[in-house]
Engineer: 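Can you keep this structure in mind? I'll have questions shortly.
Residue indices begin at 1 and follow the sequence shown. Every value quoted in this text rests on a predicted model; they were computed, and no experiment measured them.
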Amino acid sequence: MFDRAYRQRLEADLARWETDGVITPAAFAAIRVALPPLSPGINIAVVVAIVGGLLIAAAFLAFVAAHWTELGRLLRLAMLLAGIVSAHGLGAWFARASQPVLADLCASVGAIVFGAAIALVGQMYHLGGDFADGMLLWAMGALAAAALTGSRGALAVALVAACIWSNMRVYETHDAPHLSFVVIWLIAAVLALAWNSRVAAHLVALAALPWWFATALLAAPLSPYVLADGAALLFGAGLALAVAPWQRASSAGTVLSIYGALSLAGVAILEAATANEVFRAHAGGHPLWAISCGIARVIFAFGAAATTRRAGAAFAASAIGLVLLASAVWTPPHAGEPWRAYTLALCAMLCLVASGMLDAARPRIVAGWLGIAGVIAAITWTVKGSLLHRSMFLAAAGLVAVALALVLNRLLPRTRE
């Protein structure tokens, strides 16, 4: 989808440049020949086929469930195995017919039926295993199917099952971090790099968020420390990978930095919303492993800035450092408003916006503005504290921002229209 949109913009730019005489017709033709062919897109027929496949899978599962008590055990097991084999066999046929989307859909349906088969077989034979173990088995089977077929949908099923399994384990044992999930996540990340797929990179980045959230929420209730370190990990690692000389790593790093920027904005909002003595009194500790993750990713971010010599990466690293610093000054349970945490959170989001503008990274700009709006709203509507004092703080911050804008307007070169 992203490649298609880029190619459309490129075709329009090339046509305009040829009309304006910027490039010759020969250069225009040479550029078009050098471009790789686009993969087939998703048309209406494919969408209808996807819906039909999902309906057939749901009908199969509903039919098996409706006649579950009437069928013998071997027949039940045979029907489940037939559903899995049929889905993957149909996927192989679509793959040979050059229908990758439908082949991916069949592999995804096969992974879903595999998970349903685990639950039904466990019920049929009265297996006394843990439910979380069944989710782990489902995740491993779907991950194997993804590795063998290259299915992004099967990878999504595997990551969803793995996230549920990990959260259940953390909730049951309160033992964080759940490092076993990291192994599955790393395997999925290797697959995303091997496929050079932005869709798979988005899935892998999304899967990291619930793991960090469960680790922070269940291991240290109401504590933003681990969340801040997790956001720093995603954002800093994404920035470091984005400047790598390998295209696969660079593309995956760009995707990872998007979710890192959005997570960083969410953490800043959380810090501003909970930075008072009521929440500080119930905050958990700051584990050493989380501190190490946060510090390491700040180093990676500044390393990326030094490698590329771009101010945008330096501002991004500054945003990470300020959010981590805000979580540190969030700790003392002294009375009064946490003005330092408010100031650091606002400065971090301003650095995030500046980073996105300098690097032309729209997701960072959006995340920064969302963070600024959220922090301002959190400061304004926090229950604890004086509303008058907070209004004076916001007014002072606004005046400082206006003064800074006037100084920058005089120092920065002006563009002519």
Engineer: What is the minimum heavy-atom distance between Ala316 and Ser355, and which atoms define it?
Structural biologist: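 Of all heavy-atom pairs spanning Ala316 and Ser355, the closest is CB-OG, 3.3 Å.
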Engineer: Might you confirm whether atom CZ of Arg362 has over 12 heavy atoms from other residues, nucleotides or ligands at distances under 6.0 Å?
Structural biologist: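 Not buried by this count: 12 neighbours or fewer within 6.0 Å.
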Engineer: Starting at CG of Asn196, measure out to OG of Ser251 and round the result to the nearest 0.5 Å.
Structural biologist: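 The distance works out to 6.0 Å.
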Engineer: Go through Leu350 and Leu346 one step at a time and tell me if the side chain to side chain contact (heavy atoms under 4.5 Å, CB included) criterion holds.
Structural biologist: CA-CA 6 Å; Leu350 186 59; Leu346 284 173; over 6 Å; no
Engineer: Report yes or no: does Trp165 contribute a side-chain atom to a donor-acceptor pair with the main-chain N or O of Gly134 at less than 3.5 Å?
Structural biologist: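 The answer is no, because no donor-acceptor pair under 3.5 Å joins these two groups.
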Engineer: Output a table of donor-acceptor pairs, distance under 3.5 Å, between side-chain atoms of residues 180-195 and any protein atom two or more places apart or on a different chain; print 'none' if there are none.
Structural biologist:
unit_1: Trp185; atom_1: NE1; unit_2: Val204; atom_2: O; d: 2.7

Engineer: Can you find a pair of side-chain heavy atoms, one from Val375 and one from Tyr342, that are under 4.5 Å apart?
Structural biologist: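 Heavy-atom side-chain distance check fails, nothing below 4.5 Å.
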Engineer: Kindly give the heavy-atom pair with the smallest separation between Leu352 and Ala261, and that separation in Å.
Structural biologist: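 Where Leu352 meets Ala261 most closely, the heavy atoms are CD2-O, 3.9 Å.
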Engineer: Taking all heavy atoms of Ile84 and all of Phe114, pick out the closest pair and write down the distance.
Structural biologist: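 Scanning both residues completely, I find the closest heavy atoms to be CD1-CA, 3.8 Å.
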Engineer: Using 0.5 Å steps for rounding, measure from the CG atom of Asp359 to the CD1 atom of Ile365.
Structural biologist: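 It is 9.5 Å, given to the nearest 0.5 Å.
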Engineer: Please assess Val353 against Trp369 for the test side chain to side chain contact (heavy atoms under 4.5 Å, CB included), listing each intermediate value before the final yes or no.
Structural biologist: CA-CA 7 Å; Val353 173; Trp369 280 115; 3.8 Å; yes
Engineer: What are the two closest heavy atoms between Ala252 and Ala201, and how far apart are they?
Structural biologist: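 In this case the closest contact between Ala252 and Ala201 is CA-CB, 4.3 Å.
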Engineer: How long is the span from the CG atom in Leu159 to the OG atom in Ser166, to the nearest 0.5 Å?
Structural biologist: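 One finds 11.5 Å between CG of Leu159 and OG of Ser166.
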Engineer: In Å and rounded to the nearest 0.5 Å, what is the CG to SG distance from Leu90 to Cys106?
Structural biologist: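 Leu90 CG to Cys106 SG: 4.0 Å, rounded to 0.5 Å.
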Engineer: Ignoring hydrogens, what is the shortest heavy-atom contact between Ala142 and Ala111? Give both atom names and the distance.
Structural biologist: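 Closest approach of Ala142 to Ala111, heavy atoms only: CB-CB, 4.0 Å.
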Engineer: Find the distance between CG (Leu203) and CZ (Arg198) and round it off to the nearest 0.5 Å.
Structural biologist: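 The CZ atom of Arg198 is 12.5 Å from CG of Leu203, to the nearest 0.5 Å.
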Engineer: Look at atom CZ of Phe315 and say whether more than 12 heavy atoms of other residues, nucleotides or ligands are closer to it than 6.0 Å.
Structural biologist: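 Not buried by this count: 12 neighbours or fewer within 6.0 Å.
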Engineer: Under a 3.5 Å distance rule, please check whether Ser257 uses its side chain to pair with a backbone N or O of Thr254 as donor and acceptor.
Structural biologist: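 Flag set: sc Ser257 to bb Thr254 pair under 3.5 Å.
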Engineer: Measure the CZ-CG distance between Arg364 and Leu358 for me, rounded to the nearest 0.5 Å.
Structural biologist: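 Reported to 0.5 Å precision, the distance equals 9.5 Å.
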Engineer: What pairs with Ile164 under side-chain contact (heavy atoms from CB on, under 4.5 Å), at least two apart in sequence or on another chain?
Structural biologist: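 Checked Ile164 against side-chain contact (heavy atoms from CB on, under 4.5 Å); matches are Met135, Val160, Met168.
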Engineer: Might you point out which heavy atoms bring Ile372 and Met349 nearest each other, and give the distance in Å?
Structural biologist: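 Where Ile372 meets Met349 most closely, the heavy atoms are CG1-CB, 3.5 Å.
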Engineer: In sequence, state the C-alpha distance, the side-chain angles, and the governing distance for Ser108 and Asp104, and then conclude on side chain to side chain contact (heavy atoms under 4.5 Å, CB included).
Structural biologist: CA-CA 6 Å; Ser108 306; Asp104 195 302; 3.4 Å; yes
Engineer: Please test Leu344 against Val323 for side chain to side chain contact (heavy atoms under 4.5 Å, CB included), starting from the C-alpha separation and ending with a verdict.
Structural biologist: CA-CA 7 Å; Leu344 291 171; Val323 169; over 6 Å; no
